[in-house]
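Worksheet: one structure, shown below.
All values below were derived from every heavy atom in this structure, side-chain atoms included, with hydrogens, water molecules and symmetry-related copies excluded.
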Amino acid sequence: MARVRKKATSSSLSSYSTSAMPTPYEVSLPLNGASTTDDDNGKGIKRNRLHTSRQRLQPTNILHHLSHVLQLLQRTIAITTSTYFSLAAIALVAAGLVLDIDEDLQPKMLKVGMGYLFILHPLLSTLSVSCGVQTLTSRTSTSGQGGAADPTTKKKKNWQEQIIAFSFLISIICNHKTSKSDGEDVSNSGDTAELVNNSSNINSGNRFQQTWSSLTIKERATIGTLAVVTSLLLENFLIWVVSATYNPGIVGSPDALQDNGRIVLESLAVRLMGVEKPYMARRGLQSLRDALNVQWALVSALGASFVCLELQLGNNYAFHRTLAGLALHALMTLASARLIRTISFVLTVLPSQVPNCYRRHFPMPPATWKEWLMVGFLPNSRGGCNDLILSGHATVTSTLGCASTSVASNTRFSMALWTLMALDYSIEAYQGLHYSVDMWLGCIVTCLLWQLTKPLELEGELEERTRSRVKGATVAKAPPLDAKVVAMYAAPAFLGFVILTTIPEAIVNYFLVGYTLWAGGIFAQWGFTNFSQHILLCLLFVTLGTYL
């Protein structure tokens with residue numbers, strides 16, 4: 001019993017020493033056996049306060065406070081982009097449209113609600129993706145698990161979605177200032193064997209399939225480039241032919257067709273802007289469209305997608321996606337969409353919504369075929385008059401949107417991007433530059449063609465790897481990703497971004513010539529390299545941003 005009592009006493013003393021005894025900062029121990037006085041205790045407290053104040057000024061504490069501020073900002077972004085805010089904005093818009101309220105209050109309610117849904121929410125969602133902020137739902141589900149996260153199930157950080165979202169957002173910001181799932185590896189043995197069998201079946205097919213299967217992915221992308229150029233030249237000529245053979249548009253200004261979509265947009269613009277007539281809201285909406293300028297943001301996102309694929313950033317290489325494959329996919333989609341557009345406006349001619357459109361764009365029909373060809377091959381950079389179905393603007397921007405969102409692979413960024421594109425299409429239809437059905441079909445047909453041409457990208461990559469394995473070729477490893485390589489590839493891309501956002505359009509062509517000479521010099525000295533290919537892609541980036 002004595003031993004038990006001693007053991008219990010020692011345990012109680014140990015617990016008291018660890019929990020109840022004061023820390024060295026709370027008491028001042030006497031030196032040389034001197035007794036502790038109140039004065040000594042006061043000096044000890046002052047020293048402790050001075051030590052604490054100095055400790056608060058340490059860099060670690062400053063970083064700790066900054067991390068708290070960042071967490072607060074992330075929490076704010078997660079809350080403002082939640083479903084509850086979206087439902088509140090929808091209710092506000094519905095109340096502004098349905099309820100009979102004050103005339104001054106109605107436009108304010110619509111501006112707040114629609115401004116959040118179509119502008120603020122997409123921009124904040126893009127910001128959250130670029131900063132890696134989790135949604136409120138994912139935060140709640142994570143906290144509901146008690147914080148016991150399995151390190152084996154931790155999601156990999158996808159750099160490509162943050163880079164593309166940041167490029168899209170920073171393009172909008174700079175333009176505004178200047179304008180005042182991880183997947184399975186598809187290259188397993190079963191897929192390889194299946195591809196070998198498919199290649200034997202293809203070789204027994206027709207000549208076109210044999211020729212196509214013998215080409216590399218870069219050669220196929222070159223054919224896609226030629227297909228796009230051919231379709232654009234044919235379309236450019238037929239725009240002039242259709243307009244010059246539509247006699248009602250030449251001798252006068254025919255009445256436009258009834259566009260119910262435009263009627264709804266005009267009615268909404270009157271309520272939104274608080275004006276009496278629809279045309280009074282045109283300047284404000286055009287200013288909004290110029291401030292956002294979704295076209296430039298899409299070009300920036302496409303350039304960031306190319307950089308991510310070229311430098312093998314993110315998890316896209318689980319699916320073995322490459323820059324050449326994405327280029328082939330996008331080029332064949334755009335070529336098919338432009339061909340469908342050309343056939344559509346040639347079959348049925350729709351009257352233009354712009355009064356006296358022909359006189360503003362084209363000369364009178366010439367008498368000889370030579371003059372017809374000369375006029376037809378002049379670039380119609382300002383558009384035509386009767387080339388309405390489908391919208392060429394919608395086909396280009398939809399192709400860029402599909403390419404960017406497929407590489408980013410982020411649902412929030414995809415919803416934000418397509419919301420801003422829908423706003424841009426709505427303003428263009430409201431202005432009467434296109435019928436609303438032109439914008440609708442241009443977007444839908446292009447998205448369907450993107451899904452239809454998807455096997456071209458995947459099968460081309462798999463066939464090329466299978467061909468290298470059958471021949472026993474060794475695949476060269478990519479150079480290590482160090483600071484020098486990153487700077488070398490980032491320089492032409494960043495220069496192109498600066499050209500699009502700050503350089504006047506009158507001198508942009510000189511920079512295009514400079515890019516061409518740059519790539520030609522590298523090709524003459526070292527041949528066709530990845531870096532010369534990268535410069536040519538940056539040339540495409542600047543060209544799209546200039547003439548889109």
Side-chain angles (χ1 to χ4, degrees), residues 63 65-93 112-145 147 149 153-177 181-182 288 291-294 296-305 307-308 313-316 400-424 497:
L63 294 177
H65 289 300
L66 288 177
S67 65
H68 276 293
V69 174
L70 291 177
Q71 290 178 2
L72 181 61
L73 291 176
Q74 292 178 355
R75 181 71 177 179
T76 303
I77 294 175
I79 293 175
T80 52
T81 56
S82 62
T83 308
Y84 304 106
F85 268 71
S86 300
L87 293 177
I90 293 174
L92 191 64
V93 173
V112 172
M114 299 190 68
Y116 173 81
L117 291 174
F118 292 98
I119 300 177
L120 185 60
H121 185 272
L123 294 180
L124 288 177
S125 298
T126 306
L127 177 62
S128 64
V129 173
S130 61
C131 296
V133 179
Q134 295 181 355
T135 59
L136 193 62
T137 306
S138 61
R139 285 170 174 266
T140 306
S141 60
T142 305
S143 62
Q145 294 175 357
T153 60
K154 186 177 181 180
K155 185 180 178 180
K156 292 184 178 180
K157 194 169 186 178
N158 298 328
W159 288 104
Q160 83 281 358
E161 62 185 30
Q162 296 186 13
I163 293 174
I164 296 172
F166 176 76
S167 178
F168 184 85
L169 181 63
I170 200 65
S171 179
I172 294 178
I173 295 174
C174 292
N175 172 74
H176 177 69
K177 289 186 177 181
S181 49
D182 300 334
L288 174 62
L292 294 174
N293 208 336
V294 182
W296 279 18
L298 288 170
V299 173
S300 298
L302 178 66
S305 303
V307 170
C308 291
L313 300 177
N315 65 343
N316 285 285
L400 298 179
C402 290
S404 303
T405 54
S406 67
V407 178
S409 301
N410 186 276
T411 304
R412 287 184 293 165
F413 174 67
S414 299
M415 294 178 63
L417 185 143
W418 287 105
T419 301
L420 292 174
M421 288 179 61
L423 176 63
D424 184 76
F497 180 79

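Remark: Phe85 engages Ile79, Thr80, Ser82, Tyr116 in a side chain to side chain contact (heavy atoms under 4.5 Å, CB included) (not counting sequence neighbours). Partners of Phe413 by ring-ring contact (aromatic ring centres under 6.0 Å, His included), not counting sequence neighbours, listed by chain and number: Phe168. The side chain to side chain contact (heavy atoms under 4.5 Å, CB included) search around Leu66 returns Ile62, Leu63, not counting sequence neighbours.
Residues Ile163 and Val307 form no side-chain contact, since every pair of their non-hydrogen atoms from C-beta on lies 4.5 Å or further apart. Side-chain contact between Leu423 and Leu292: present, with at least one pair of heavy atoms (C-beta onward) separated by less than 4.5 Å. When side chains are defined from C-beta on, Cys174 counts as touching Phe497, because their heavy atoms get closer than 4.5 Å. Side chains of Met421 and Leu298 form a contact here, defined as non-hydrogen atoms less than 4.5 Å apart.
Under the 3.5 Å distance criterion, with hydrogens and angles disregarded, no donor-acceptor pair is assigned to the side chains of Thr405 and Ser414.
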Donor-acceptor contacts, no H, no angles, side chain residues 119-128, under 3.5 Å, sequence neighbours left out:
residue	atom	partner	partner atom	Å
His121	NE2	Thr81	O	3.4
Ser125	OG	His121	O	2.8
Thr126	OG1	Pro122	O	2.8
Ser128	OG	Leu124	O	3.4
Ser128	OG	Ser125	O	2.6
Ser128	OG	Arg412	NH1	3.1

One pair to check against side chain to side chain contact (heavy atoms under 4.5 Å, CB included): Leu420 and Ile172. What are the steps and the verdict? CA-CA 11 Å; Leu420 292 174; Ile172 294 178; 4.1 Å; yes
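In terms of heavy atoms, Ile164 sits closest to Ser404 at CD1-O, 4.0 Å. For the residue pair Ser167 and Ala301, the shortest heavy atom distance occurs at OG-N, 3.9 Å.
Under a 3.5 Å cut-off, the side chain of Thr419 and the backbone N or O of Met415 do form a donor-acceptor pair. Put simply, the side chain of Ser409 gets close to the backbone of Ser406: a donor and an acceptor are under 3.5 Å apart.
Expressed to the nearest 0.5 Å, how far OG of Ser305 lies from CG of Leu400 amounts to 9.5 Å. Rounding to the nearest 0.5 Å gives a distance of 8.0 Å between CD of Gln162 and SG of Cys131. Residue Ile173 holds its CD1 atom at 4.5 Å from CD1 of Ile170, rounded to the nearest 0.5 Å.
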